[in-house]
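See structure below.
Just so it is clear: chains get the letters A, B, ... in the order the sequence lines come, proteins before strands, and each one is counted from 1. The figures that follow rest on heavy atoms only: side chains count, while hydrogens, waters and symmetry mates do not.
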Protein chains: 2
Amino acid sequence: MECPAMSDPKIRTMEDFASASGISRPTISKYFNDPSSVRQSTRVKIEQALEQFEYRPNVYAINQNRRQTKNIGIVVPYLADPFFAEIARTIEAQVIQAGYRPVLLGSHGDPEQEIENLDNLRLIKPAGVLLAPLGRASDPARLDAFCRDVPTVLFDANVDGIGAAFVGSDNNQSIGLIVEYLCRTGQPPAFFEMKTPANPNALKRRTAYLNAMKRLGHAPVLVQASGGGWDFEAIGFREGSRVLTDRKLPTNTVLCSNDRLAIGLLSAAYQMGIRVGIEEGCTLRVAGHDDHPFSRYTSPTLTTVSQNYVAIAERSAETLFKLINDESPPTAREITLFEGNLVMRASA
Amino acid sequence: MECPAMSDPKIRTMEDFASASGISRPTISKYFNDPSSVRQSTRVKIEQALEQFEYRPNVYAINQNRRQTKNIGIVVPYLADPFFAEIARTIEAQVIQAGYRPVLLGSHGDPEQEIENLDNLRLIKPAGVLLAPLGRASDPARLDAFCRDVPTVLFDANVDGIGAAFVGSDNNQSIGLIVEYLCRTGQPPAFFEMKTPANPNALKRRTAYLNAMKRLGHAPVLVQASGGGWDFEAIGFREGSRVLTDRKLPTNTVLCSNDRLAIGLLSAAYQMGIRVGIEEGCTLRVAGHDDHPFSRYTSPTLTTVSQNYVAIAERSAETLFKLINDESPPTAREITLFEGNLVMRASA
DNA sequence: GCCTTAATTTTACGCGCATAAAGAATTAAA
DNA sequence: TTTAATTCTTTATGCGCGTAAAATTAAGGC
């Protein structure tokens, strides 16, 4: 039995706790709003009483009356994607550290779910929202309507003009990096992607690939998979099988728009008996983008470009907090891009 | 500009909406509590007004006064594991369909985080909680204390005597199934697992393996990986490399306690040039357990046993709702186990 | 048409806290 | 020590809704 100090008199309300601790209720209220806003000596008193009586204020009563809650919404397009799960987790930590309460929501790749998530967030009157939008599938008008009402920072995927700021990866740099690497170490890569990608990053990566190839004096080769949705591995497998069967590829090197496509492609190659990698006897090189958590366990391990998602998480959270606490007029929409790093493994 | 019907008079409170719709406030309140509890004709009136004025009641005011909120907590040990992300998503859908609001929390493999999640859930006074505990790492006393206060159903991992019910997989059946399959189609398997697994399912699987081998008249071989944590792929890779290097395995078949270990092992085998599978020329067979989302893209694709997580999700949600709505005295702790299905792929 | 039953309105109170204003007490500075 | 600034207490009001009880009205059956 835990029994810190015989919490005999039942402390249910802040009033109870106030009289039990010998401090006035409004001061207690101030303390819970911001512990540093009361004198050090009274703070100590309160915290001692807190250990005795283990009282916790009623969240609903608090939030009903405060102008602004301490809730921060975090919305990601797909929670079952380990990449987003990881970045969400990192952001969560930032939010908690800053004294806010994270509320994590996944959109399951569905634009309606995304809007529903935002609508649900509205109901809890969040201080701000960190939103990784679905991208092209998103309903920009409704996204914008939300961002006008609630301080919102976009991350991972940009939607032009929406939200107070955007923090993401510099696809131009990262794709340039790996294209250069591939060209330097072997045949110039073809680019494997979705024909009509939902994610705006995919479009930027395509452009970046084309630019990089031009710069290096090679003819670009686009391999575009039809189909939609978020089941990238399946698409990568299906279209990868097709392309490898056709044998029309003018190069032995494939750069995938993201790691999940690459995972599908590697699986297809393996099943066709095609040896992938940079070792002797390999007839195909495959590279990806994102440094997906599973990319280090593929066969062969996947050469890719890592996104600096820690930096992205930190900066986007930081930007949001500034936005929330700043009385200054909202400045111009700021775009921050972090560079990727080459992760050399066995596949290319 | 959206402007359904000129919502000129600003509807902020239920009182506003009541007068605007010509219905009394208590009736409006009843409607939002349960739309079917008001007469059909008034329900129509309210819903018409609702379209005109798009009023939403204040969540905080509601929950402050209701004896019970409509919140259902969902706690999983590790959100970055696609298996849990998927099952969480399925449960979410169930919860929403039943008219509740899911609150999803991940414990990041950390027992303290798990307790913190439960503490945070307490603050929002949930109607009930669906908890997939960390397992052996969990703090049983504090888990129990929570379950005594809040209707809680455990799923995925059982902790003896804690929670009102448990819904999971029948490890004995599923492991038996795949052991039989492996024995029937080749050499009897060794069992690859963690020496001190955090997950109680792992222990049941070990026992199930030993039982199955005994039943089939084979000598069991346990391969136990040291180390802890939730980075199963890394452990599978590291320990897998070691075991394959040692060449002390008296069989060419390895059954892994879960797919994530198998993913690591497959990666290790590939890097060592060991051909895995049931084809000609393969010297190793590998099987897993769980039908992890990535198991169909490994090289080779992973033979495994699928958990019926849709059934688990449905039953656990269903059980919780019954528990919440039932006035009957809490019956004996019910344990429901669903059978697994063999998923035959290329690795074994 | 009257009666029974169910649904609604009216009235009223309370939930647990934020917050504002004014005065009292404490602290720091002069 | 005096004064000014800070912090605290007291007092009071209100947030938006749940909910209970009594009075009223509407619906359905004969």
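- Comparing B/S37 and B/A61 by the nucleotide of DNA chain C whose heavy atom lies nearest to each, the residue mapping closer to the 5' end is B/S37.
- Rounded to an integer number of Å, the gap from B/K125 NZ to D/dG18 C1' is 15 Å.
- Side chains of B/H108 and B/E114: no donor on one and acceptor on the other come within 3.5 Å.
- By the 30° and 60° cut-offs, the orientation of the rings of A/F53 relative to A/F17 is perpendicular.
- Below the 3.5 angstrom threshold, one finds a donor paired with an acceptor across the side chain of A/N65 and the base of D/dG14.
- Between A/Y309 and A/F338, the ring center distance fails the sub-6.0 Å criterion.
- For C/dT19, its base sits under 3.5 Å from the side chain of A/R25 at one donor and acceptor pair at least.
- Side-chain atoms of B/Y55 lie closest to D/dC17 of the nucleotides D/dA26, D/dC17, C/dT11.
- Computed from coordinates, the B/I28 CD1 to C/dT10 C1' distance equals 15 Å when rounded to whole Å.
- By the 30° and 60° cut-offs, the orientation of the rings of B/Y78 relative to B/W230 is parallel.
- One atom, CD of A/Q64, and another, P of D/dG16, lie 7 Å apart when rounded to the nearest Å.
- To the nearest angstrom, C1' of D/dT6 lies 9 Å from NZ of A/K30.
- For A/T42, a side-chain nitrogen or oxygen approaches OP1 or OP2 of D/dC8 to under 4.0 Å.
- Contacts of A/T27 with the nucleic acid, taken as non-hydrogen atoms under 4.0 Å apart, include base atoms.
- Side-chain atoms of B/I23 lie closest to C/dT9 of the nucleotides C/dT9, D/dC8, D/dA26.
- Residue-level contact check: A/N63 touches neither bases nor backbone, having no heavy atom under 4.0 Å from any strand.
- Spacing between atom CD of A/Q40 and atom C1' of C/dA28 amounts to 16 Å, rounded to whole angstrom units.
- Dashed line: the shortest gap from a side-chain N or O of B/R39 to OP1 or OP2 of C/dA7 is not under 4.0 Å.
- Between B/Y100 and B/F321, the two ring planes are parallel [angle under 30°; tilted spans 30° to 60°].
- Look at CZ on B/R12: it is 15 Å from C1' on D/dC17, rounded to the nearest Å.
- Closest to the B/P26 side chain, of the nucleotides D/dG16, D/dT10, D/dA20, is D/dA20.
- For the pair B/I62 CD1 and D/dG18 P, the computed distance is 5 Å after rounding to whole Å.
- A sub-4.0 Å separation between OP1 or OP2 of C/dT8 and a side-chain N or O of B/S24 is absent.
- An OP1 or OP2 oxygen of C/dT19 is reached within less than 4.0 angstrom by a side-chain nitrogen or oxygen of A/N33.
- For B/N158 and B/R333, the side-chain atoms include at least one donor-acceptor pair closer than 3.5 Å.
- Residue contacts shown for A/P57 are limited to sugar-phosphate atoms, with no base heavy atom under 4.0 Å away.
- One atom, CE of A/M14, and another, P of C/dT19, lie 11 Å apart when rounded to the nearest Å.
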